[in-house]
Amino acid sequence: MNKSIEDIWKEIVDNLCSALGQEVVNLWIKPLNPVSFENNIFTVSVPNVFFSQWLEKNHHKEIEEMLAKIYSTQVTLAYKIQRDISPIVRTIEKTPVHSNTPMPSVIKDQINPKFTFERFVVGSSNRFATASAEAVAKNPGKQFNPLFIYGGVGLGKTHLLHAIGNSLKKGFPNFRILYVTCEKFASDFIEAIRFQDKMPVFKNKYRNLDCLLIDDIQFLVGKDSSQEEFFNLFNTLKDNGKQIVIASDRPQDKLEVEERLMSRFKWGNTVDIQKPDLETRIAILRKKAEEEQFSVPDDIVLFIAKKIKSNIRELEGSLLRVTSFIKFTNTPFTLDTVKTILKDVGDPDETITVTIDKIQETVANEYNLTVKDLKGKKRSAQIALPRQIAMYLARTMIVDISTTDIGDAFGGRDHTTVMHACNKIKLKLESDAYFVALINKIIKEIKTED
Ligand code: ADP
Ligand code: MG
């Protein structure tokens, strides 16, 4: 065998590159160097123990097989650790929070100036979450620490984190605030372990903060070493009265993280963001249209708001699709055009066609009444409320229905009666959590196919 170990290693790296892709190779393989080949042992140097563990777990056999092919004999792969990082980590752990380590004068905080409280539309679905976020922005590190915000995709969690950041920047100009996704935190941490000289930078970045805004914490699930590091970070910040705000796509109990971490996530205040109701969706669309300085007719706003119910990002995206189409093609702004543009968007549960009959039947059932009662003339409270609920649900659940149509379906009532009913229910929904639960239950039943 005339090839040098360098040539042989290069061959292996090339092979791995086609199998694993350039990115993985750059991250994990490039920092390795061949050291020796003696007694059928091929030794490579690795920056630290973390690398050797990773390799052993993932590609050890593969590399040994490649080596065996090249040398035409059994080869053992061995690792030589350049330096062990553990002593370094330990000394850093001991350094006090506000050490004399020079700090960068500006931390790249990644806070998006567009995501402010002013631009956040408040409705029943996010009122409590917004109020808590505002309280944190006014009184960081005091009342709600940590603030834990959870909710489904596209409902405004990230927006709220940035809004807190933007507000804090104004109210506390000297604060060190960092917005970071959990993924970025984990990759920063891994980077710090891989290259030990980066560890102080990592600690400095995270431990000297006045406010940490960490997004999508669910990405900690399954990442044990990052969980451990986050646990330490959490304690350090919390012990020093620094504010922590966490956003998650699920509540703490559903996060499969270590028990001790989960219980800490419950220490402060937990708020959820629900799917927005129709009125909020309308208000959001109006606000976005206004921000774009584009006038959108009411019937079109209503159409979009009814079509997209469960994701504000999608709601925004649909409006943008419509307005850019109208702008660039100079097409008249009609409902028909909008229907064509948005024919393929909408929530999956939209495929179940909700009829006014189904709504009336379900509501009547819930209140032990008959559909006839709902359509009839009686105005006693036992009948009036269910009737108003049914009207409200018809207006919010059926895409193409006018208040006049609804009035007709309820024994020929006037459309102003329908509007009055809808407003009344809306108000009740804003103030009565039990009522919200009841309405949600009815909605679910309406959506179940017989
Ligand atoms: P999440 O982080 O919950 O997935 P985002 O915060 O990224 O959701 O929100 C998605 C989009 O919807 C963003 O552009 C955001 O500005 C917008 N948005 C969400 N909620 C609201 C709201 N209440 N008012 C105005 N815009 C909102
Ligand atoms: Mg988000």
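Numbers here simply count residues along the sequence, with the first being 1. When a ligand or atom number is given, it counts from 1 through the structure's own listing order.
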- Classify the angle between the aromatic ring planes of Phe230 and Phe185 as parallel (below 30°), tilted (30 to 60°) or perpendicular (above 60°). perpendicular
- Query: How about Arg281 and Ile308: do any of their side-chain heavy atoms sit closer than 4.5 Å?
  - Reply: no
- Query: Which pair of non-hydrogen atoms, one from Arg264 and one from Asn235, has the smallest distance, and what is that distance?
  - Reply: NE-OD1, 2.8 Å
- Item | Summary of side chain to side chain donor-acceptor pair (under 3.5 Å) pairs that have at least one residue in residues 122-135, sequence neighbours excluded | Ser124-Asp277, Ser132-Asn269
- Glu56: salt bridge (Lys or Arg N to Asp or Glu O under 4.0 Å) partners, not counting sequence neighbours: none
- Those residues with a heavy-atom separation under 4.0 Å from ligand 1 are Phe115, Arg119, Phe120, Val121, Asn126, Gly152, Val153, Gly154, Leu155, Gly156, Lys157, Thr158, His159, Ile284, Lys288, Ile312, Arg313, Glu316
- Which residues pass the salt bridge (Lys or Arg N to Asp or Glu O under 4.0 Å) test with Lys198, sequence neighbours left out? Glu191
